[in-house]
Every structure is written in structure tokens, then in C-alpha cells.
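The next block holds one structure in the form of C-alpha cells; read it before the comments.
In what follows, chains are A, B, ... by sequence order, proteins preceding strands, each numbered from 1.
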There are 2 protein chains.
Amino acid sequence: MDRPRKPTLDTVAGAVGVSRATVSNAYNRPDQLSAALRERIMETAASLGYAGPDPVARSLATRHSAAVGFMLGQGLSASFADAALSIVLDGLASTVDGHDHCLVLMPGRDKGGPRPETVARAQADVVVAYSLPDDAPALAAVRARGLPIVVIDQPALLDTARVEVDDFGGARLAAAALWEMGHRRFGVMTFALHADGHNGLVSPVRQASTSFRVSRDRLHGYLDVTGAGTPVWECARSSRELGRAGARALLSESPRPTALLCASDELAFGALQAVRDLGLRVPADVSVAGFDDVPAAEHADPPLTTVRQPLAEKGRQAGELALRLLDGGRPGEPTRLAVSLVSRDSTAPPK
Amino acid sequence: MDRPRKPTLDTVAGAVGVSRATVSNAYNRPDQLSAALRERIMETAASLGYAGPDPVARSLATRHSAAVGFMLGQGLSASFADAALSIVLDGLASTVDGHDHCLVLMPGRDKGGPRPETVARAQADVVVAYSLPDDAPALAAVRARGLPIVVIDQPALLDTARVEVDDFGGARLAAAALWEMGHRRFGVMTFALHADGHNGLVSPVRQASTSFRVSRDRLHGYLDVTGAGTPVWECARSSRELGRAGARALLSESPRPTALLCASDELAFGALQAVRDLGLRVPADVSVAGFDDVPAAEHADPPLTTVRQPLAEKGRQAGELALRLLDGGRPGEPTRLAVSLVSRDSTAPPK
DNA sequence: GAGTGTGACTAGAGCGCTTCAGTACGTCCA
DNA sequence: TGGACGTACTGAAGCGCTCTAGTCACACTC
């Protein structure tokens, strides 16, 4: 009951009566043969059920796999609960897809990154790392394979292309705006400083030793304005629920903060809800600022003041970079994208 | 300035002074050689910077690519705005990742599915299709390549493994509960019935000819209880914003519906907001029911009555099915998962 | 001491494709 | 008429690996 072997280039070549090279050319270099012959080859291929050159064999021969690996710091559901990540990833996907490249996803499982075994077996010839801890084993595994790397929101490793935004400056911008409105009692909400699942107030020593550049820069941008004594609450992930719980804790301190600076919009949405939970109002009683400017920020209740970073553009740039590295290009200088403060109704001077 | 060629199995074999097969065995069948030799091989490999067998070459030789393709109906950001999809995908990813398989993502671009070119070049040896329109070109492309297919939430194509839930029954369940509470004036909100981006009220003829099985079944489940005359609003995507706009429209009709049946939780969240927008209260003035029971449903304000489907389980099952097909297994009977109604505070008898 | 294992390693034939260096046959121009 | 050039196609050498069918040496058995 052996099912018929799948047709190969040879099968088609034999059927048409030409050499294998010619059939290959029919698919890859149509200008190398006469239109008539090409036509005949395609027809025969179709009638034999040949669906084109096998991608794996092609990859082996060309030494290009036409795939871009994407390494995530967390599991998929956690990752995609984060609208910012989704938008970045979408920008990346459209870029590489336009060049007939696939995206190979490597979800985080092990110490803030994909498992090294997963990395070792992935068929990709360039890898994009998104917000992994600086010491993720997955990064070492990519290195070991000698694949080029593009990092997003992460310190550049040696010989690595990078796209990033000015997280420190952006955070400073938001904090400064609030300061100028007259706020003096702040609370800061950050997402993971370490990949250990911690939720709660952050000790100064933990603040100083973070493994994620993004949280570090945003946090320090806030504190640069509000002062080192500002209470900081850490959420293990950037989720609305965790943000809600954290904000509730921060707002229960006394004296109560008049402004909450959140390291992401998602956290800020939670904070908005927490303020309501406590029977208070935004911005009358508490101002709330976010970071990212995801689409939902504009439609939040009230519309959220936040730091805009060009998310889709970030993904697109990473895609371009990846494509360039694929072509043998050199990493070059990091691409740095501008941020700006978007003032909406969730912030106002304190009463 | 030609950079040194990457080491291969042969390089290592030469350096150690054994045959290539032995080095291969050191990686793949440790029991085939003495521990001492294996140790020596691994050391030499490490010192040469050899990171293990090349995945592409291995795939060509074994004819397994250790990758599972995943075809999406929409772009990534749209897809992942949908918590249900994220959870399913996460379940799938954990399953296949546990078996050292990667996930190759193919985002929708063309008529409700990935582009056929993308499919043709993807290095995967089984493909999971999630909620694509029944006639997506991508499906045909997978067929042409002769790859096994697992479909989630879609009618089984010939010779295809399938996992699904009882969408019709679940929708009926929710509608019936509301009916029994005394509701008689309903509004129904559905996500895309066709891949044409339509937002607005749905004509009976459009209701009858939908390309997505899921929306069809849920819609008909609702209408089976509420009657064919019930106003139906279609949102192009399952998003909170679109749901909010749709619900606002539905609630502006007169007489105003006392209950809104939503084909997804995301849509229902929008509806919750729309009710507030209009100065009304849930459930006192309007009852709202969702579908999926994503985690946020429990924390919504008020907590959402919804139809629970085992999302993670759905992904896991799809993963198992994919793995089985990879092993040459036959598709077999569709896996059907149970749904149940979760009653929370967003529904109550009408005033 | 012939027969029978058995554990450790190897030779070499693929896997299905790309690509480079040809060959064969016109065509064109002087 | 002969050489230069172009176009259309072919032969064969890889790409880096796996895996089957060995070989070889060294016990062990009766």
C-alpha cells in the first residue's frame, strides 16, 4: 500500500524530456529558456501534481532558508496579550513576507527565552530577538550557530544589528510633564525587571540590577525626574490584570500618589481600572500615564496620556535589517526611532 | 577577506579521525558509540565551533522538517488582538515545542489566508489552519504540496484532521438562557461572515451565505432561539472597538433590544462599553453575553456571561493531531470539544 | 577450533535541488 | 567565409546530512 512517491524535479524533467537544470530554470530563471518550453514544463508539472521545488532541498542547495526566526521572551499567550508586541511583530511579518520569507516563531520557555534545543533546530538564517533578558541562553545558542541577529529593545550584543527607541528619554518626557503640572507624589509601575515572576514593590537593589534593558531605561527615566525614593511596583508581565492589582497597592499607600507612571499602556489600563475600583477619578484624583501608545490608548476611558513609539515602524525596520543581514550586509549602527509625548485626558494638575 | 567556512560534520570527523557517520551518531544515537569517543567528538566539535548538525541538511536527509506550519486568516496584529487565538496558539506551540518542533507562522494576506507563494516555500511538514474561509487559496496550495492538514474551527476538507467545538450548541445555550429569563428583544453581534471587511447590519441573504463556519454556526445558534427577524450586526474583525460601534448602533434601534448576544468576548467587551456610552447599565437595562470565555471575561465590569470553550485544550489537541499526522497517522474522526455556559453578572431578567 | 555473537565503527548511496562551466546551433557582420 | 556573439539547453559537482548494510576485532560457547 505504498503511496506513490512525490514527483521531483527529475520526474518532471523526464516526462518533458529535458534536463533537470532546465526544469529548475523554469521555476527560478524564466529568462533562461524559451517561453514555449517553459509553458510545456509547467503544464507537465501540473499534470503530474508537482507543486514546485521542494523548499528544504532548495534551501540546502542555496544555503538560504527564506525564513526569519523570531525569539520571544514569553509564551505566546502572554506575548500576544501585549498589543505593542503584536504590532511590532505584524510590522516585521509584513516586511519579510513581502520578500517571500516565513516567520519561524520560537516562544519563550526557558529563562526568558526559547530553549536552546529549539534554536538549534530552527530553520532560519537570521534571528530577531525581541526583548529577551540580556543573558538568555537562546542568544548564546544563536551565536553558536553563527546566525546573524537583530535585536529589538535590547542592548546590542557584539556584532548585532539593533533597533530601539529612546526609552529613557521617553519616560523622562512623561514624568517631566507631570512634574511641571505640579505633581510631587508619584507611583511607578514597571513590568518585569527580572525573569523570575516577581510581583510587588521593588527594592532599590533590585531596581539597580535589571536584566531587561527596556524596563531599566523606562524605570530610570521616570525616577530621574521623580527621585529615587519613588515607590516602584513590578508586574511579572505587562498585563492589565497585574497592572490593576499593582496600582491598587500603590494607591493604598499614604500619602496617596497623585500620579501613576506606567511602563506600558497595558499596565496603565489596569491602573485606570484600579482608580475606579477605589472610587476615585482620573484625572481629578489621580493622573495616569502610559507608554507605547497602542491603539486602545486613544479609546481608553479617559483617553490615555502616553509616550508614543512607532511600533509598526519598529517591526518594519527590524524586518529590513534582517533582510539586509540575510544579503550578507553588516550590522552597522543601531537604528534609533524617535518617541514623543501624547497628552490626552488621563493627566491633569493635582487638586 | 573570506570568512572561514562554517565547520560541518566532515570537519569534525576529520579532526577527530573518525568517519562522518560516527559524528552523526554522536549527536543522534549516542548508544551507537562508546561514551569516551562521543565525549571526544563533542569536545572537538565545541573547539571547532560546530553547533550541531545543520537543520536544513538534516531535514533533507530525513525528510522531516521538524516544523509545524500555522496559517492565519488575518495579519498578525489583528490576529493577536484576539485573546482566544493567542491562547489556542499557545496551546499548540507548547505541544509541538515539547517535541522539538518549531512553529512556522503564515499570516493572512490574501483573501483570508496566507499567500500561496508563502505556503509553497514554507518548510513545514504539516500545516494547521485556523479559522480560514472555506475557499482560501492557501488551503489549495497546501493541498498541492501534499502536506497533511489540521483544521481548527473549520469544516473538514477531504482527508483532513479537525478539532472543533460545538459552536451552534454553545450559542443556542446562551440564547436559550436569556430567553428563559424573559428576554424577547435581542440584538446579535457577529464577526466576519465574509472576508470583505464589511461592518454593518447583515441582510438575510448575507446571513445565509457565510464563508466562515464558526461565525455561521454561532450566528445560527443564536437565531435558532431568537428568531430569524433578529437584527444582526457584523464586525469585520473580532475587536473591542468594532464591537463598541456595532453595539451602539444596535442599541439605538427602537424598540431597543434588552439583550445583546455577541459571537465573541472581545465583541462583548465593546458592547459593555457601548452600553455605558449610552448612559445605560448592564444588566439592569441591557444584558450582554459573549462567547469564548477568555480570561478577561471574568474580570470585566461587570463580569461577563459567556460560553466557555476549552481554548488551550483546542490548541493542544491540534498540536497532538499535527504530531500524529507527522508520524504518518491518518486523520481519523474530528475531535469535538465540549462547551458550557458560564453565567456571570452581565445577564439578568429584563426589567 | 569452528561457530556464533556482539559492540564499535565505516563506506557510500542517497535526499531534491541549484549552479557553473560547457556544448550546440544559429545569426550577424565584415 | 569565417569568426564573434547570443540564445537555449545540458552535465555534473556539490549543498551537509542520515542511514543501511556492511566490516572488523574480540569475546564466548560447546
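- One atom, CZ of A/Arg63, and another, P of D/dA13, lie 18 Å apart when rounded to the nearest Å.
- At the heavy-atom level, A/Thr8 lies under 4.0 Å from the strands shown only through sugar-phosphate atoms.
- Ranking C/dG16, C/dT18, D/dC9 by closeness to the A/Pro53 side chain, first place goes to C/dT18.
- Taking atom CG on B/Leu60 and atom P on D/dG14, their separation rounds to 17 Å, with Å as the unit.
- At the phosphate of D/dT18, OP1 or OP2 sits under 4.0 Å from a side-chain N or O atom of B/Arg58.
- If you check every strand for non-hydrogen atoms under 4.0 Å, B/Thr62 touches sugar and phosphate atoms only.
- If you check the side chains of A/Ser19 and A/Thr22, you find a donor sitting under 3.5 Å from an acceptor.
- Taking atom CZ of A/Arg121 as the reference point, atom C1' of D/dG16 lies 15 Å away to the nearest angstrom.
- Ion pair B/Arg63/B/Asp125 not flagged as a salt bridge, since none of the NZ, NE, NH1 or NH2 atoms sits closer than 4.0 Å to an Asp/Glu carboxylate oxygen.
- Nucleic acid contact class of A/Leu9 (heavy atoms, under 4.0 Å, all strands): base.
- If B/Asp31 and B/Ala61 are placed on DNA chain C by their nearest nucleotide, the residue sitting closer to the 5' end is B/Asp31.
- Distances from the side chain of A/Ala21 to the nucleotides C/dG16, C/dT10, D/dT10 place D/dT10 closest.
- Side-chain N/O atoms of A/Tyr50 include one lying less than 4.0 angstrom from OP1 or OP2 on C/dC17.
- Here A/Leu33 lies in heavy-atom contact (under 4.0 Å) with sugar-phosphate atoms only.
- No salt bridge links B/Glu43 with B/Arg40; every basic N to acidic carboxylate O contact stays at or beyond 4.0 Å.
- Heavy atoms of A/Arg29 sit under 4.0 angstrom from primed sugar atoms or phosphate atoms, though from no base atom.
- Separating the CG atom of A/Asp125 from the P atom of D/dC15 is a distance of 17 Å, rounded to the nearest angstrom.
- Judged by atom type and distance alone, A/Arg20 does not reach the base of D/dT10 through any side-chain donor-acceptor pair under 3.5 Å.
- A straight line from NE2 of A/His64 to C1' of C/dT18 spans 11 Å, rounded to a whole angstrom.
- Counting any heavy atom pair closer than 4.0 Å across all strands shown, A/Ser24 reaches a base atom.
- The CG atom of B/Leu311 sits 10.5 Å away from the CZ atom of B/Arg316 when rounded to the nearest 0.5 Å.
- Here the C1' atom of nucleotide D/dC17 and the CG atom of B/Asn28 are 9 Å apart, to the nearest Å.
- If you take NZ of A/Lys6 and P of C/dC15, they are 14 Å apart, rounded to a whole angstrom.
- Contact between the side-chain N/O atoms of A/Ser19 and the OP1/OP2 oxygens of D/dG11 is not found at any separation under 4.0 Å.
- B/Val56 comes within contact range of no nucleotide atom at all, as no heavy-atom separation falls under 4.0 Å.
- With respect to A/Arg330 and A/Asp159, a salt bridge is recorded, a charged nitrogen being found less than 4.0 Å from a carboxylate O.
- Look at B/Asn25 and you won't find any side-chain N or O under 4.0 angstrom from OP1 or OP2 of C/dC9.
- Panel note: side chain A/Thr160, backbone A/Val150; no donor-acceptor pair is recorded below 3.5 Å.
- Which of D/dC9, D/dC17, C/dG16 sits closest to the side chain of A/Leu37 comes down to D/dC9.
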